[in-house]
Each structure stands twice: as structure tokens, then as C-alpha cells.
Amino acid sequence: MKKTFTINISGSVFHIDEDAYEKLQKYLQMLSSHFRGSEEGREILQDIEARIAELFNEKMKDGRDVIVDPWVDEVIARMGKPEDFMEVEEGEPAPQEQPVQPKIKRRMYRDPDRRILGGVCGGMGAYFNIDPVILRIIFFVLFFIIGPFNILLYFMLWIAVPKARTTAQRLEMRGEEATVSNIEKSIKEEVKDVKDSFQRFRSSDTYEKGKDGVSRFGDLVYNVLKVSLKILGILVGAFLILTGFLGLLGFLSTMIIGRSIVSGAPWIFGAHADFDIPGLFNHFVSPGAMTISIIAIVLLVAIPLIAILFIGTKMIFRYKTNNKIIGLASVGIWLVALVTLILVSVGQVDNFSKRTSTTVSTKIECQDCKNLIMELGTDKYENYTDTGIDLDRMKMIKVDENEVLVGGPRLDIEKSTSDQFTIVLKKKARGKSQEEAQTNTESIVYNFQQKDSVVTFDPYYTLGEGGKWRNQEVDIVVKVPVGKSVFLDKKMVRIIYDIENVSNTWDGDMVGKYWTMTEDGLALKEEIK
């Protein structure tokens with residue numbers, strides 16, 4: 001019993017016994033050693049392997065599926081060994097004469113090397129050993145004899161006749177045995193023809209004219225690109241100058257006068273600002289860190305804008321500067337400003353570390369009141385500019401030339417344990433210490449007014465003079481005795497917050513109606529038409 005191996009030859013898989021495998025491997029190694037140094041060696045070896053695979057596939061048609069030693073001997077005999085076709089050097093004995101190979105039967109292929117359309121005439125010329133030009137003339141004459149059927153015949157042959165893709169098929173098309181020697185000779189002739197054609201092309205006037213044309217075209221493209229890049233550089237430089245100058249102008253005017261004098265340009269810093277940055281920071285940062293923060297912000301914004309302005313002028317005027325020291329110093333200053341601002345910001349977090357609250361209860365002096373009417377007071381900030389800055393339940397409004405922080409209270413309704421209406425006002429705030437948090441809580445300003453059975457609530461609460469944002473909040477709880485009712489004016493929707501009721505009515509649908517306090521909670525009494 002012999003071992004068998006599975007091998008791949010030119011993309012085809014074969015099973016081969018041990019003796020045949022060793023002999024075939026030795027043969028392929030001999031061919032590889034022989035052709036390794038030649039320019040066309042790789043292509044020759046590929047075509048040789050393709051031909052060997054064809055021969056083995058023909059053998060497989062007999063029903064056997066394992067390559068045996070006699071098959072390899074037959075393939076080697078047909079293909080030839082390297083010593084059979086090596087040039088005989090002077091003084092060396094000539095190789096032994098090989099037995100005459102049987103005449104190879106020609107096969108019809110389409111010749112891709114001599115084609116005009118599909119290579120049909122070229123392949124027929126090789127098969128019949130006729131000049132393809134004669135066959136093309138015959139096809140042309142037949143067109144006038146049999147008409148369009150001639151074209152149909154040509155396309156039928158184009159489809160039916162396979163194309164000669166490998167060197168072995170090209171040799172078979174001419175009736176030559178696809179031996180190693182013939183494959184090598186065919187490939188070398190093809191390579192030589194290509195080199196000769198290319199050399200003739202390079203020596204022709206067409207090549208020189210084409211070369212000059214390509215050179216002139218390249219120079220034209222280079223010059224066009226050069227001019228285009230210069231124009232693009234000038235445009236980009238002008239844009240950078242405009243952006244840097246107007247951005248710097250807008251930023252500085254925002255920092256100094258509190259309003260940008262540049263408007264309508266979204267890419268410019270401060271173009272749409274309607275509040276001053278120092279005034280904004282004054283509501284958040286402690287007095288001791290205020291100056292440091294402003295300086296850091298100025299450096300962080302101004303240095304990049306100046307750099308943009310500088311790059312733009314350099315792109316347009318192309319002056320030379322030894323600006324490495326200035327550039328490195330600017331980067332260093334910018335990084336110091338960034339670190340400083342971060343440290344100041346981290347330090348301000350401590351201002352929110354403690355939290356306190358104060359609660360004040362006020363009884364409504366109206367013993368005979370069965371209904372309490374709640375309405376919202378006049379919004380004195382309605383006609384002032386909203387800056388768009390929101391902080392939890394507070395926002396910033398520009399009043400004249402100053403920014404004012406105002407907050408929206410939240411109102412809830414609960415059942416009272418007494419027989420009187422009671423308003424509980426709870427203020428909350430944060431600070432660096434309990435004492436500071438308590439001071440911030442007491443500085444919250446919020447008012448409501450009562451006249452008979454009507455209570456008017458202010459829509460906003462404010463901070464005391466000089467007060468800073470420390471997460472201040474105001475919660476209002478109206479305690480209603482069982483059996484008594486409240487009426488919510490429609491404007492109260494701005495401050496009521498998550499009022500529980502037995503019908504689970506949404507806050508927005510509770511306004512404009514009377515609600516009676518029951519043992520189970522608020523219930524709808526009647527609706528004002």
C-alpha cells in the first residue's frame with residue numbers, strides 16, 4: 001500500500017501516490033532551477049504547470065483518480081527535461097536524441113494576439129495555416145453574397161470557439177506540442193515582439209510628438225494649478241484676515257462695552273452677543289477670582305484670533321518672519337490661561353458644597369372665606385430682553401444695561417390640618433459654608449399679596465443686591481382646609497407644578513376652574529364659563 005498526497009497544480013486538485021509525487025516534485029524543481037534566472041521565468045513556469053494539469057486531467061477521463069508513476073513519466077516525456085533543450089556549450093557532448101513525438105492534432109481557438117474583433121479569423125488562420133488577412137477578405141466578400149447572415153455566422157463562431165488563453169493553447173492552435181521547449185520559445189517570442197513594438201514606437205515621430213505634447217500639457221496643468229493655488233491662498237488669507245480682525249473687534253467690544261459692534265456674521269465671535277461677558281461672570285464667580293477669570297478668557301480667545309489674523313496676512317503678503325519664539329511663547333501663554341481658568345472653575349465648585357433652606361408660613365386672614373382665588377401678578381420683566389441663558393429654574397434677563405437673574409417659583413396645593421388657608425414659602429440655596437448658604441437663602445426676594453380672598457403671586461423671584469447664582473430655589477405650598485375651595489387663574493399655569501388631584505388632571509387643565517379639598521384630595525368643583 002502506497003501513501004497518497006493531495007496537490008494543487010495550476011488551480012486543479014489531484015491525488016497522487018508517493019513515488020509519482022517525488023518524481024513530479026523533482027521534475028518541477030529542475031524546471032524552476034532552470035528558468036529562475038530568466039526574465040520570463042515566472043510566466044513560463046505558470047504555463048508549464050497549466051499544461052501538466054491539462055495532461056493529468058486527460059488521464060483522469062479513463063476513470064482513475066490517483067496519479068501514478070507511469071503517468072508522470074509520460075508527462076515528462078511529452079514535456080521534455082531541461083537538459084533536452086539547453087544550449088550545448090562548446091566542448092560538451094550533445095544530448096541524446098529524443099524519440100520523435102507524435103503529431104499533435106490542431107484545435108480551433110480564437111487568437112487574441114492577432115484579433116481585430118474577436119480573434120475568429122486569427123484562430124482560423126492558425127488552424128488552417130492561412131494568413132488571417134485572406135480570411136477577413138473572404139468574410140467581407142461574403143457579406144455582399146449572403147448579406148447579414150455573414151455577420152451572424154461570425155458572432156456564432158465568436159461565441160462557440162474558445163479563446164486561446166494559455167501558451168499551451170496557442171501552441172495547440174498552431175499544431176505544436178506544448179513541451180517545455182516550445183512554451184519557453186513561444187513566451188520569449190511574445191516578449192521579444194512586445195519589446196520590439198515598443199522600441200519601434202519610441203523611435204517613431206508619433207512618440208516624440210506625443211512626448212512633447214504630454215510635456216507641454218503637463219507644464220500647462222502645472223502653471224494652471226500654480227496660479228490657482230496662489231489665488232486660493234489669497235482668498236483664504238483674505239478670509240482669515242477678515243475673520244480674525246472682525247472676531248477680535250467683536251470680542252473686545254463685547255468684553256469692554258458689553259455689546260458686540262459686529263453683527264450679522266455667524267463665524268465671528270460675539271457677532272450676536274447682547275450681554276457683556278464680565279457682567280455675566282459677575283453673577284457666578286467670586287469677587288476674588290473675577291479678575292483672573294476675565295484675563296484668562298481674554299487670552300484664551302484673543303491669542304487664536306491674533307494667530308488667524310497673522311496667518312492670513314502672511315498668506316497674502318508672503319513675508320518671512322522668524323516667529324518660532326513668538327509662536328512658542330503664545331502657545332505657552334495660551335496653555336497657562338487654560339490651566340488657570342480650569343483651576344478657577346474647579347475652585348468655584350466649592351461655592352456649592354453646602355445647602356440650607358428657610359421656611360416661612362403665612363396664614364390667610366380671611367375667616368369667612370370659603371374660596372381662595374389665586375392669580376399671577378404683573379410680569380415686570382416681560383418687555384425686557386431674554387438673553388437665552390437658563391440655569392435650572394433661573395434665567396438671565398437684560399434690564400437696561402445690566403443682566404438680572406430671575407427665577408420661577410413652583411407652586412403646589414396640599415391639604416391643611418387646620419381650618420385656615422396657609423401659604424408656606426420655602427427658600428433654598430447653596431454656599432461655601434453653612435453661614436454663606438444661609439445668607440444666600442435669606443437674600444432671595446419673593447413676594448405675594450393678599451386682599452380679602454384674592455392672593456396675587458409674583459411670577460419671579462430675584463436675588464438680593466450683589467447676589468450670585470448659587471442654585472437658589474423657591475417652593476410655594478398652599479394648604480387648603482377640607483371643604484374649602486381654590487380657584488386657579490389661567491396665568492397660574494406658569495408657576496403651578498405637579499398638583500395632585502383625585503381626577504389626575506394635568507396641571508395645564510386645572511387652571512380656570514374651582515377645586516375643592518376633600519379627604520381624598522383636590523376634586524373639581526365647577527368650571528368658569
Side-chain angles (χ1 to χ4, degrees), residues 254-255 258-259 273-294 297 344-362 376-412 423-449 455-478 491-492 494-497:
T254 302
M255 296 293 294
R259 180 182 294 274
D274 53 1
F275 61 90
D276 63 298
I277 294 178
L280 173 65
F281 268 70
N282 187 50
H283 291 287
F284 305 95
V285 183
S286 300
M290 182 69 181
T291 303
I292 298 175
S293 300
I294 294 300
I297 291 173
V344 171
S345 301
V346 172
Q348 295 304 302
V349 174
D350 192 43
N351 291 326
F352 297 82
S353 59
K354 303 298 181 181
R355 183 183 182 92
T356 61
S357 63
T358 60
T359 302
V360 177
S361 297
T362 304
L376 200 66
T378 303
D379 184 359
K380 63 180 181 180
Y381 299 109
E382 185 176 4
N383 297 323
Y384 291 102
T385 304
D386 187 344
T387 63
I389 297 178
D390 295 326
L391 301 165
D392 194 9
R393 289 155 60 181
M394 300 192 72
K395 64 180 180 177
M396 183 175 290
I397 296 176
K398 189 171 184 62
V399 179
D400 298 329
E401 296 300 325
N402 299 314
E403 283 79 26
V404 178
L405 284 175
V406 299
R410 294 194 297 193
L411 184 142
D412 194 7
I423 296 177
V424 179
L425 190 65
K426 186 175 183 179
K427 302 177 182 178
K428 295 179 280 188
R430 293 182 177 274
K432 185 178 296 185
S433 62
Q434 290 290 350
E435 293 76 12
E436 184 177 308
Q438 184 66 30
T439 302
N440 293 331
T441 301
E442 293 174 353
S443 67
I444 299 174
V445 179
Y446 183 75
N447 298 303
F448 63 89
Q449 297 81 34
V455 180
T456 303
F457 295 93
D458 285 354
Y460 294 111
Y461 62 88
T462 60
L463 309 183
E465 185 177 353
K468 300 184 183 299
W469 181 72
R470 294 296 182 262
N471 199 25
Q472 290 89 342
E473 297 177 7
V474 172
D475 292 326
I476 307 167
V477 178
V478 178
K491 291 184 179 180
M492 289 291 292
R494 291 175 55 181
I495 66 171
I496 61 176
Y497 180 76

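Treat the numbers as computed from the prediction; the structure is a model and nothing was measured.
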Is the shortest side-chain heavy-atom distance between [X] and [Y] below 4.5 Å?
X      : Y      : result
Tyr461 : Gln472 : yes
Phe457 : Val478 : yes
Arg494 : Tyr460 : yes
Leu463 : Lys468 : no

| request: With side-chain hydrogen bond (donor to acceptor under 3.5 Å, both in side chains) as the test, would you mind laying out the steps for Gln438 and Glu442 before giving the verdict? | output: CA-CA 6 Å; Gln438 184 66 30; Glu442 293 174 353; 3.1 Å; yes
| Can you name the one residue among Val424, Ile423, Leu411 that meets side-chain contact (heavy atoms from CB on, under 4.5 Å) with Val477? |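 Single side-chain contact (heavy atoms from CB on, under 4.5 Å) partner of Val477 among Val424, Ile423, Leu411: Val424.
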For a quick test of reading the model, state the closest non-hydrogen atom pair linking [X] to [Y] and the distance between them.
X      : Y      : result
Gln434 : Arg355 : OE1-O, 3.8 Å
Met492 : Leu376 : SD-N, 3.7 Å
Lys432 : Ser353 : O-OG, 3.3 Å
Pro459 : Pro409 : O-CD, 3.3 Å

| Donor-acceptor under 3.5 Å (Tyr446 side chain, Asp458 main chain) |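 Yes.
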| query | Is Thr441 reaching over with its side chain to a backbone N or O of Thr358, donor-acceptor style, under 3.5 angstrom? | reply |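 Side chain of Thr441 to backbone of Thr358: no pair is present.
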Rounded to the nearest 0.5 Å, what's the gap from [atom1] on [X] to [atom2] on [Y]? Could you check?
X      : Y      : atom1 : atom2 : answer
Lys491 : Thr378 : NZ    : OG1   : 7.0 Å
Phe448 : Leu425 : CZ    : CG    : 6.5 Å
Thr356 : Asn440 : OG1   : CG    : 7.5 Å

| Which residues satisfy the salt bridge (charged side-chain N to carboxylate O under 4.0 Å, His left out) test with Lys428, sequence neighbours excluded? |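 Partners of Lys428 under the salt bridge (charged side-chain N to carboxylate O under 4.0 Å, His left out) test: Glu473, Asp475.
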